[in-house]
Amino acid sequence: MCGRFSIIVEEEILKKRFGVIIPEQETLFPRFNAAPTQNLPVITNLNPSEIHLFRWGLIPFWAKDIKIGNKLINARGETLTEKPSFKNAYTNRRCLVLADGFYEWKRVGKNKIPMRITLKNEEPFAIAGLWENWKSPSGEFIKSFTVITTEPNELMSGIHNRMPVILPREIEKDWLDNSLTTNELNGFLQPFQSEKMKAFQVSSSINSPANDNPSVIFPIQNELKL
DNA sequence: CCAGACGTTGTT
DNA sequence: GTCTGG
DNA sequence: CCAGACGTTGTT
DNA sequence: GTCTGG
């Protein structure tokens, strides 16, 4: 699963890397510990040349309560076309979730060891996502997104049984291409190359979303205390 | 037909 | 145990 | 994902 | 809105 990630790199690097602009009304700042319900940077098929901040946790358009989004922070790639909450978004509203690392908790007996996973070159990458525009009962529109998951690759299988779908750079544009069918898109929902990724233990200060600071990204040497 | 769910993960 | 909030 | 609350009434 | 269960 993927319930926490980071997007720390400077705006200038992000703009160059994804070939986008950042509209004036969107204020980005480094996120070491991005968590559900927060507004986080995505690139959508609606505006593929702009970064916007959407709320993490997809709120289906029929929802009566914003809290429904709390449960929809991930979507299984294998069943997107079947699920009422996702199928329409899969066809029409896809997005790139911008990240430069993500976190998984490795279960060791009763303990949970937080691990940070990045690319070996530590560059930013795009996670496949879906988005929605929800009208709240008070008439306010809220744009939200979910992160698509898949089976773990070799590296991740030692940590967890799911991982986010990281899109290879060459198909990032295709993911936002409105002319592709779900059949073609299904082929993109694969585990990323293990050889290009690395994982290491980090401080359990990552556990609290309130700790959105550099302490949560540093590797920890000593293994499995307590 | 209407009512009620609509999701994932991990654990039991 | 389960839900909410971040 | 994890942390932290989980309740009501009335009053400040 | 759309699907599932009764």
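Any value given below was found using the heavy atoms of this structure, including those in side chains, with hydrogens, waters and symmetry copies removed.
Rounded to a whole Å, the CG atom of A:Asn74 is 17 Å from the P atom of B:dC6. For the pair A:Asp65 CG and B:dG4 C1', the computed distance is 16 Å after rounding to whole Å. The CG-P distance, from A:Leu40 to D:dC1, rounds to 17 Å in whole Å. Distance CG (A:Asn211) to P (C:dG5): 20 Å, rounded to an integer number of Å. Distance CZ (A:Arg4) to C1' (B:dT9): 14 Å, rounded to an integer number of Å. Separating the CZ atom of A:Arg55 from the P atom of C:dG6 is a distance of 9 Å, rounded to the nearest angstrom. Summarising the geometry, the separation between CD on A:Glu151 and C1' on B:dT8 is reported as 15 Å, rounded to the nearest angstrom. We find that CG of A:Asn111 is positioned 17 Å from P of B:dG10, with the value rounded to whole Å.
Side chain of A:Gln38, nearest nucleotide from B:dG10, B:dG7, C:dG6: C:dG6. Out of B:dT9, B:dG7, D:dC2, the shortest distance to the side chain of A:Pro209 is found at D:dC2. Of the listed nucleotides (D:dA3, D:dC2, E:dG1), D:dA3 has the atom at the smallest distance from the side chain of A:Ser208. Counting only heavy atoms from C-beta on, A:Lys83 has its side chain closest to B:dG7 among D:dA3, B:dT9, B:dG7. The side chain of A:Ile73 lies closest to D:dC1 when the candidates are D:dC2, B:dC6, D:dC1.
Paired with A:Ser6 under the rule side-chain hydrogen bond (donor to acceptor under 3.5 Å, both in side chains), one option of A:Asp212, A:Thr118, A:Asp100 passes, and it is A:Asp100. The only option from A:Phe61, A:Phe54, A:Phe145 that meets the ring-ring contact (aromatic ring centres under 6.0 Å, His included) definition with A:Trp131 turns out to be A:Phe54.
For A:Lys87 and E:dC3, the shortest distance from a side-chain N or O to OP1 or OP2 is below 4.0 Å. Contact annotation: A:Asn161 side-chain N/O to B:dT9 OP1/OP2 distance is not under 4.0 Å. Contact check, A:Lys112 against D:dC2: a side-chain N or O comes under 4.0 Å of OP1 or OP2.
Across all strands shown, A:Arg76 has heavy atoms under 4.0 Å from sugar-phosphate atoms exclusively, and none from any base. When heavy atoms are screened at a 4.0 angstrom cut-off, A:Thr79 is found touching the sugar-phosphate backbone but no base atom. Residue-level contact check: A:Pro36 touches the bases, meaning some heavy atom is under 4.0 Å from a base atom. Residue contacts shown for A:Phe86 are limited to sugar-phosphate atoms, with no base heavy atom under 4.0 Å away. Contact annotation for A:Thr37: base contact, defined as any heavy-atom pair under 4.0 Å involving a base atom. Base engagement by A:Asn70 is indicated by at least one non-hydrogen atom pair under 4.0 Å involving a base atom. Residue A:Lys71 is classed as a base contact, given a heavy-atom separation below 4.0 Å to a base.
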#### Entry: Stepwise side-chain contact (heavy atoms from CB on, under 4.5 Å) check, A:Ile166 with A:Phe102
CA-CA 11 Å; A:Ile166 298 172; A:Phe102 64 95; 4.0 Å; yes

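The ring of A:Trp62 lies on top of the base of B:dC6, close enough and flat enough: under 5.5 Å between centres, under 30° between planes.
Closest non-hydrogen pair, A:Arg93 versus A:Asn45, comes out as CA-OD1, 3.7 Å.
Atom name C1', nucleotides D:dC2 and B:dG10: the rounded distance is 14 Å, in whole Å. One P atom belongs to B:dG7, the other to C:dG1, and the distance between them is 25 Å to the nearest Å. Between B:dA3 and C:dG6, the distance separating the two C1' atoms is 33 Å to the nearest Å. Spacing between D:dT9 and B:dC1 at atom P, rounded to whole Å, works out to 41 Å.
For DNA chain B, the stems formed by at least three consecutive Watson-Crick or G-U pairs, with both atom-pair distances below 3.5 Å, span B:1-6 with E:1-6.
Interatomic distance, A:Lys15 NZ to A:Ile13 CD1, rounded to the nearest 0.5 Å: 12.0 Å.
Residue pairs meeting the side-chain hydrogen bond (donor to acceptor under 3.5 Å, both in side chains) criterion with at least one member in residues 52-64 of chain A, sequence neighbours excluded: A:Glu26-A:His52, A:Glu50-A:His52.
When atom types are taken as modelled, the side chain of A:Thr149 and the backbone of A:Met163 share no donor-acceptor pair closer than 3.5 angstrom. At distances below 3.5 Å, at least one donor-acceptor pair connects side-chain atoms of A:Thr146 with backbone N or O atoms of A:Leu72.
Looking at A:Glu123 and A:Lys196, no side-chain N of the basic residue comes within less than 4.0 Å of a carboxylate O on the acidic one, giving no salt bridge.
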